[in-house]
Peer 1: 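Let me give you the structure first, and then I'll get to my questions.
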Amino acid sequence: MDAISSYKMFGGTQSVYAHRSDDCDCDMRVAVYLPPQAKDGPCPTLVWLSGLTCTEDNFTVKAGAQRIAAELGLILIAPDTSPRGDDVADDDAYDFGKGAGFYLNATQAPWAKNFQMESYIRDELSAWMCENLPVDPGRIGISGHSMGGHGALTLHLKYPELYKTCSAFAPIVAPMQVPWGQKALAGYLGDDKTAWEAYDAVQLVGKGASGANILIDQGSADTFLQEQLKPEVFEAACTAAGQGLTLRMQDGYDHSYYFIASFIEDHLRYHRARL
């Protein structure tokens, strides 16, 4: 656990750490906000998964979440979106390779060597934060944006005993049906579409509801709404499965961190009330 930076913020500390990942076979970076209450003992925790092209810094710098997290006594954990390093495979496109891990375990060469993001988030990151930080392991939630919203939904639906609460901003809910998802799933997992189903929230919720109520905010002015996001498809799947869902269409908001910053307080309070 190597500290890269640490700053006092709203009575707590905003830090970035680097640690070795066996799953991803490289060093990974994680941003951590510890509220002032963490000095007194374990706190509830929200894991945030960022979207395409992002690192651990985007949420930390742009979302404006720390003030409310300090009030609520909520730890914020923001890992990087993919493995990094000179020896890690990459692609020239922004939506594949580094910065586009899609929170899955790749099976195809050359990606399988490093792109084991599901195992990293679920196993290594969970163990790392519970062993090194004042995290209450029984009170962990998950949230994310776009590709990270996809990751939050799939990880929650597959592992509700670990991630007790779930929310998302403009998530990719049906990757098997949209260009971003089809490219990533085919590239990382191959052509067998039965393997894709394990990373598609629509498919997963059809196999059983999680028991939690999921919160999703989606901007009506999001340029990716019709082609890439399709929240109505997930809403229909949740209705059919009996999955609790609050889908809020926010008039005039786009896909940016201006949108996230506008509603992050709602999401943090939503998680804290249920953790």
Peer 1: Decide whether Y199 and L155 are clustered together by the hydrophobic rule: side chain heavy atoms of Ile, Leu, Val, Met, Phe, Trp, Tyr closer than 4.5 Å, transitively.
Peer 2: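 Result: yes, single cluster for both.
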Peer 1: List the steps, then state whether ring pair (Phe, Tyr, Trp, His ring centres under 6.0 Å) holds for F59 with H145.
Peer 2: CA-CA 9 Å; F59 177 75; H145 170 230; over 10 Å; no
Peer 1: Treating Ile, Leu, Val, Met, Phe, Trp and Tyr as nodes and any side-chain heavy-atom pair under 4.5 angstrom as an edge, say whether I68 and F263 lie in one connected cluster.
Peer 2: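 Result: yes, single cluster for both.
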Peer 1: Would you mind reporting whether V178 and F224 have side-chain heavy atoms less than 4.5 Å apart?
Peer 2: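 When only atoms from C-beta onward are counted, V178 and F224 do not touch, as no gap falls below 4.5 Å.
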Peer 1: Under 4.5 Å between side-chain heavy atoms, counting indirect links through other Ile/Leu/Val/Met/Phe/Trp/Tyr residues: same cluster for L268 and M9 or not?
Peer 2: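 Yes.
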Peer 1: Any side-chain donor-acceptor pair under 3.5 Å between S21 and D23?
Peer 2: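 Result is no, nothing qualifies.
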Peer 1: Indicate whether the side chain of T223 and that of D254 have a donor and an acceptor atom separated by less than 3.5 Å.
Peer 2: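 On atom types as modelled, these side chains do not qualify, holding no pair under 3.5 Å.
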Peer 1: Using the side-chain contact (heavy atoms from CB on, under 4.5 Å) rule, take S15 and Y17 through it: C-alpha gap first, then chi angles, then the decisive distance, then the call.
Peer 2: CA-CA 7 Å; S15 305; Y17 297 95; 3.6 Å; yes
Peer 1: Any carboxylate oxygen within less than 4.0 angstrom of a Lys/Arg side-chain nitrogen, looking at D57 and R29?
Peer 2: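 Here D57 does not pair with R29 in a salt bridge, since their nearest N and O are not under 4.0 Å apart.
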Peer 1: What I want to check is whether the side chains of Y270 and E265 have a donor and an acceptor closer together than 3.5 Å.
Peer 2: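 No, no side-chain donor-acceptor pair sits under 3.5 Å.
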Peer 1: Looking at the rings of F169 and H267, which for Trp means the six-membered one, are their centres under 6.0 Å apart?
Peer 2: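 Yes.
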Peer 1: Check whether any side-chain heavy atom of D2 lies under 4.5 Å from a side-chain heavy atom of H19, and answer yes or no.
Peer 2: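 The answer is no; the side chains never approach within 4.5 Å.
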Peer 1: Does Q226, at its CD atom, have more than 12 non-hydrogen atoms belonging to other residues, nucleotides or ligands within less than 6.0 Å?
Peer 2: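 Open.
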Peer 1: With the threshold set at 4.0 Å, does a side-chain nitrogen-carboxylate oxygen contact exist between D27 and R84?
Peer 2: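 Result for this pair is no, no salt bridge flagged.
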Peer 1: Side chains of L157 and Q243, heavy atoms from C-beta outward: is any pair under 4.5 Å?
Peer 2: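 Yes - at least one pair of side-chain heavy atoms lies under 4.5 Å apart.
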Peer 1: Taking side chain as C-beta onward, heavy atoms only, is V32 less than 4.5 Å from L133?
Peer 2: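 V32 vs L133: side chains touch.
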Peer 1: What pairs meet the side chain to side chain donor-acceptor pair (under 3.5 Å) rule with one or both residues in residues 64-73, with sequence neighbours excluded?
Peer 2: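 The answer is Q14-Q66, E71-R269.
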Peer 1: Check whether any side-chain heavy atom of K98 lies under 4.5 Å from a side-chain heavy atom of P83, and answer yes or no.
Peer 2: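 K98 vs P83: side chains apart.
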Peer 1: Checking side-chain polar atoms at under 3.5 Å, does S146 have a donor or acceptor matched by the opposite partner on H255?
Peer 2: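 The answer is yes; a qualifying pair exists.
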Peer 1: Would you sort out whether Y33 and W48 count as a ring pair (Phe, Tyr, Trp, His ring centres under 6.0 Å), showing the intermediate values?
Peer 2: CA-CA 11 Å; Y33 179 71; W48 173 271; over 10 Å; no
Peer 1: Could you report the tightest heavy-atom contact between D80 and M28, atom names first, then the distance?
Peer 2: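 The answer is CB-CE, 4.3 Å.
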Peer 1: My understanding is that only residues two or more places apart in sequence, or in another chain, count here; which of them pass ring pair (Phe, Tyr, Trp, His ring centres under 6.0 Å) with W196?
Peer 2: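 W196: no ring pair (Phe, Tyr, Trp, His ring centres under 6.0 Å) contacts found.
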Peer 1: Using side-chain heavy atoms (C-beta onward) and a distance below 4.5 Å, is I216 in contact with I214?
Peer 2: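 Yes, side chains in contact.
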Peer 1: Looking at I260, T81, T60, which one forms a side-chain contact (heavy atoms from CB on, under 4.5 Å) with S50?
Peer 2: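 Among the candidates, only T81 passes.
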Peer 1: Using 0.5 Å steps for rounding, measure from the OG atom of S143 to the CD1 atom of I264.
Peer 2: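 Nearest 0.5 Å value for the OG-CD1 distance: 6.0 Å.
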Peer 1: If hydrophobic clusters are built by linking Ile, Leu, Val, Met, Phe, Trp and Tyr wherever their side-chain heavy atoms come under 4.5 Å apart, do M117 and L162 end up in the same one?
Peer 2: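 Same hydrophobic cluster.
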Peer 1: Using the test ring pair (Phe, Tyr, Trp, His ring centres under 6.0 Å), find all partners of H150 that sit at least two apart in sequence or belong to another chain.
Peer 2: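 Testing H150 for ring pair (Phe, Tyr, Trp, His ring centres under 6.0 Å), a comparison that skips the adjacent residues, returns F102.
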Peer 1: Shared ILVMFWY cluster between V47 and L275, side chains joined below 4.5 angstrom?
Peer 2: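 Different clusters: V47 never reaches L275 through Ile, Leu, Val, Met, Phe, Trp or Tyr contacts under 4.5 Å.
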Peer 1: Is any side-chain heavy atom of L46 closer than 4.5 Å to a side-chain heavy atom of I75?
Peer 2: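 Contact flag for L46/I75 side chains = no.
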Peer 1: Check whether any side-chain heavy atom of P79 sits under 4.5 Å from a side-chain heavy atom of L49, and report yes or no.
Peer 2: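 Yes, their side chains come closer than 4.5 Å.
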Peer 1: Does OH in Y94 sit with more than 12 non-hydrogen atoms of other residues, nucleotides or ligands closer than 6.0 Å?
Peer 2: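 Atom OH in Y94 is packed in, count exceeds 12.
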Peer 1: Between D217 and Y253, is there a side-chain donor-acceptor contact under 3.5 Å, judged purely by atom types and distance?
Peer 2: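 The answer is no; no qualifying pair exists.
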Peer 1: Between Y120 and Y103 (judged by ring centroids, cut-off 6.0 Å), do the two rings come close enough to count as a pair?
Peer 2: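 No, too far apart.
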